[in-house]
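Encoded as structure tokens, the structure appears first; notes follow it.
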Number of protein chains: 2
Amino acid sequence: MFVIDEDRVFEEINRRKAKRIVFNAPDGLLNKVQALAKKLEDIYNIDAIVIADPCYGSCDTVDDDALRLKADVVFHVGHKISLSNLGKRTIFIDAYDDISFKEVLEKALPLIKSKRVGLCTISQHIHSLKEAKEFLEKNGIEVLIGEGKGQLLDGQIFGCEFYPVFGIKDEVDLFLFLGQSRFHALGVALSTNKTTLMLDPYLKEVEDVTSLANERIKRALFAVYKALDAESFGVIIGLKEGQINLLRAFQIRDKLKNLGKKVSLIALREVREDRLLLFKDIEVFIQTACPRISIDDYHEKLVLSAPQADALINLLEGKSVDEFLIRPHWL
Amino acid sequence: MFVIDEDRVFEEINRRKAKRIVFNAPDGLLNKVQALAKKLEDIYNIDAIVIADPCYGSCDTVDDDALRLKADVVFHVGHKISLSNLGKRTIFIDAYDDISFKEVLEKALPLIKSKRVGLCTISQHIHSLKEAKEFLEKNGIEVLIGEGKGQLLDGQIFGCEFYPVFGIKDEVDLFLFLGQSRFHALGVALSTNKTTLMLDPYLKEVEDVTSLANERIKRALFAVYKALDAESFGVIIGLKEGQINLLRAFQIRDKLKNLGKKVSLIALREVREDRLLLFKDIEVFIQTACPRISIDDYHEKLVLSAPQADALINLLEGKSVDEFLIRPHWL
């Protein structure tokens, strides 16, 4: 069960004497957040607005929307990071998952052939890292937890950023990912090129995602090769406040132009297939909003991520394709 | 065929010595706008970015997105209104449709039983009003074109705003709507409660939308009655820069609370069914973003517009339901 750090919310409302507050959160937490908003309205006699637009991570804050809503503060719930606040009014509120990893760790033991493993997880299970490490060590396995960097805490990964595992990948043979998220476990496997086991505490199952990762990398590479003959490109800039990356978009645009390609600049808040299909003359899209849109989703037209664009440009320049996903950050 | 007022675009780029420009436009114009953007990049050696998020009208400008994209100016194409610019950097660029109404007007003549009609249209056919009026008058029909108001030009209507037809509705028996848009013709019929003929210049057909309007009003009223027993409401604030209406949302929220209802505040950029279904505990939504989302679309849960909310509140207060759509503005 998810437990929202309500104390922090109370504290900030009191400290700021807030009259209007805003929440945003990933879909799975929206109902809990809505109930909390109602409770706060009753206690403090304030306005509490829940922004229900899709929220994909700590990149998906709504500081500017909160300004538009004339709110004093916005609580971004469910993505604990190294920062406690961001922008002018965004506060990160932890929502941890109190599920135990005890059983799935026991189940994983006989599957761990390596003497030294890397341990990692996502926001809601950060607090479980310590206990898992102790359990594994008690069973004779050396455990490394990679150092945090930027917004990432020690042992934490995002869907697009992997510094804590990337930094120790050469010191371990195997990564253990704590959580029920094939999406994130795949990120670990792809960015480190190491065998990765997902320890699902709900189903109490251990899943090796390595073969799925191999399929995924093949698909990503195939898309790059398919894009080689295209003449007309659309470079997409994400409009979400934590996804906009003008520098990267213009860098890719400039390189493709120098290679004689026709490039259009497009901006989108949500990079959705139906929006892309409107552009009849564009053969290949390169989106700089969120790499996972390209790596994980199927698209009717080619939609490359920034690392895939680098691979494509390398090929077009006659260089080798490079291991374009074995990187600490896919932006 | 649509003709974009490119001269105005050139003029503004020159005047502002713009280095980066942004476009937004309704879906039907995106490919033309993209081609224009490419042309401008080549001529001026500037960056031209096309924002491809849905654009539903002159309410759907992207002044703040343009700031985020570090652009000097944003050209909002396809919604000619009384203003030439809005916000800090938005310029409205006309895109008129050069299709002729001659044939469909001739076809309409025998169907016009009234001696005095009201004439109206949308942005892209504004320039055809004069010729249509002259043609009808030559054929013995008196023609009134209602005065513009706010953003509306003489004879112009939006999907949600109808001042030019509302103002003359008691002086005419019939409205003629120029254009291939049942959506807009329906708005005329619903807001005036008058027989309305849509003159479609493409199919060269005349369609009486009155019976469709009657169905629509029944459905809208049915939704109001269905909402009577609900206890839990979600009042939605639109996050698009021209759709946000805090005053109206809070007014509806306060009235429902006074009537003993449980009300949650929700904010959304796109009011999409899939987002609303996330809120399990809310029985009825009232959205203040765009009335047409409620009047025209089918929803799994009840999603009332602001005028429907007024009707609901009237009923809950023991008053009569009122003719809630016969208004010059549905906000």
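Keep in mind that the numbers below use all heavy atoms, side chains included, and drop hydrogens, waters and symmetry copies. Below, chain A is the first sequence line, B the second, and so on; all start at residue 1.
- Ionic pairing of Asp297(A) and Arg292(A) is not present here: no N-O contact between side-chain nitrogen and carboxylate oxygen is shorter than 4.0 angstrom.
- Within the 4.5 angstrom heavy-atom criterion, only side-chain atoms of Lys38(B), from C-beta onward, approach chain A.
- Ser264(A) and Gln34(B) form a side-chain donor-acceptor contact under 3.5 Å, judged by distance and modelled atom types alone.
- Among the candidates Leu30(B), Asn24(B), Leu239(B), the residue making the largest number of heavy-atom pairs closer than 4.5 Å to chain A is Leu239(B).
- The minimum heavy-atom distance between Leu29(A) and Val77(A), with the atom names listed, is CD1-O, 4.1 Å.
- Looking at Ile236(A), neither its backbone nor its side chain comes within 4.5 Å of chain B, counting heavy atoms on both sides.
- Contact of Phe250(A) with chain B is made through the side chain alone, with heavy-atom distances under 4.5 Å.
- Taking a cutoff of 4.0 Å between a charged side-chain nitrogen and a carboxylate oxygen, Lys240(B) and Asp60(B) qualify as a salt bridge.
- The part of Leu246(B) that comes within reach of chain A is its side chain, from C-beta onward, which places non-hydrogen atoms under 4.5 angstrom from that chain.
- For Lys32(A), no part sits under 4.5 Å from any heavy atom of chain B, backbone or side chain.
- Most heavy-atom pairs under 4.5 Å with chain A: of the set Leu276(B), Asp64(B), Asp281(B), Asp274(B), this distinction falls to Asp64(B).
- Ile244(B) touches chain A through its side chain: at least one heavy atom from C-beta onward sits under 4.5 Å away, while N, CA, C and O do not.
- Residue Leu278(A) touches chain B through both its backbone and its side chain, counting heavy-atom pairs closer than 4.5 Å.
- Judged by distance alone, with hydrogens and angles left aside, the side-chain atoms of Glu283(A) form a donor-acceptor pair with the main-chain N or O of Ser232(A) at under 3.5 Å.
- Using a 4.5 Å cut-off between heavy atoms, Asp53(B) contacts chain A through both its backbone and its side chain.
- Side-chain polar atoms of Thr288(A) and Asn245(A) form no donor-acceptor pair below 3.5 angstrom.
- Both the backbone and the side chain of Glu241(B) come within contact range of chain A, each with at least one heavy atom under 4.5 Å from a heavy atom of that chain.
- Contact of Val263(B) with chain A is made through the backbone alone, with heavy-atom distances under 4.5 Å.
- A salt bridge does not link Arg68(A) to Asp63(A): none of the charged nitrogens lies less than 4.0 Å from a carboxylate oxygen.
- With Phe75(B) as reference, Phe23(B) is the one residue of Phe10(B), Phe23(B), Phe92(B) to meet the ring-ring contact (aromatic ring centres under 6.0 Å, His included) rule.
- Comparing Arg20(B), Lys262(B), Arg253(B) by heavy-atom pairs within less than 4.5 Å of chain A, the highest count is held by Arg20(B).
- Only the side chain of Ile237(B) comes within contact range of chain A, with heavy atoms under 4.5 Å apart.
- The most heavy-atom pairs under 4.5 Å with chain A, out of Ala37(B), Pro54(B), Gly234(B), come from Pro54(B).
- Neither side chain, Asp27(A) nor Tyr56(A), offers a donor N or O lying under 3.5 Å from an acceptor on the other.
- Gln287(A) and Ser305(A) share no side-chain donor-acceptor pair at under 3.5 Å.
- Most heavy-atom pairs under 4.5 Å with chain B, from the set Arg272(A), Glu270(A), Lys70(A): that is Arg272(A).
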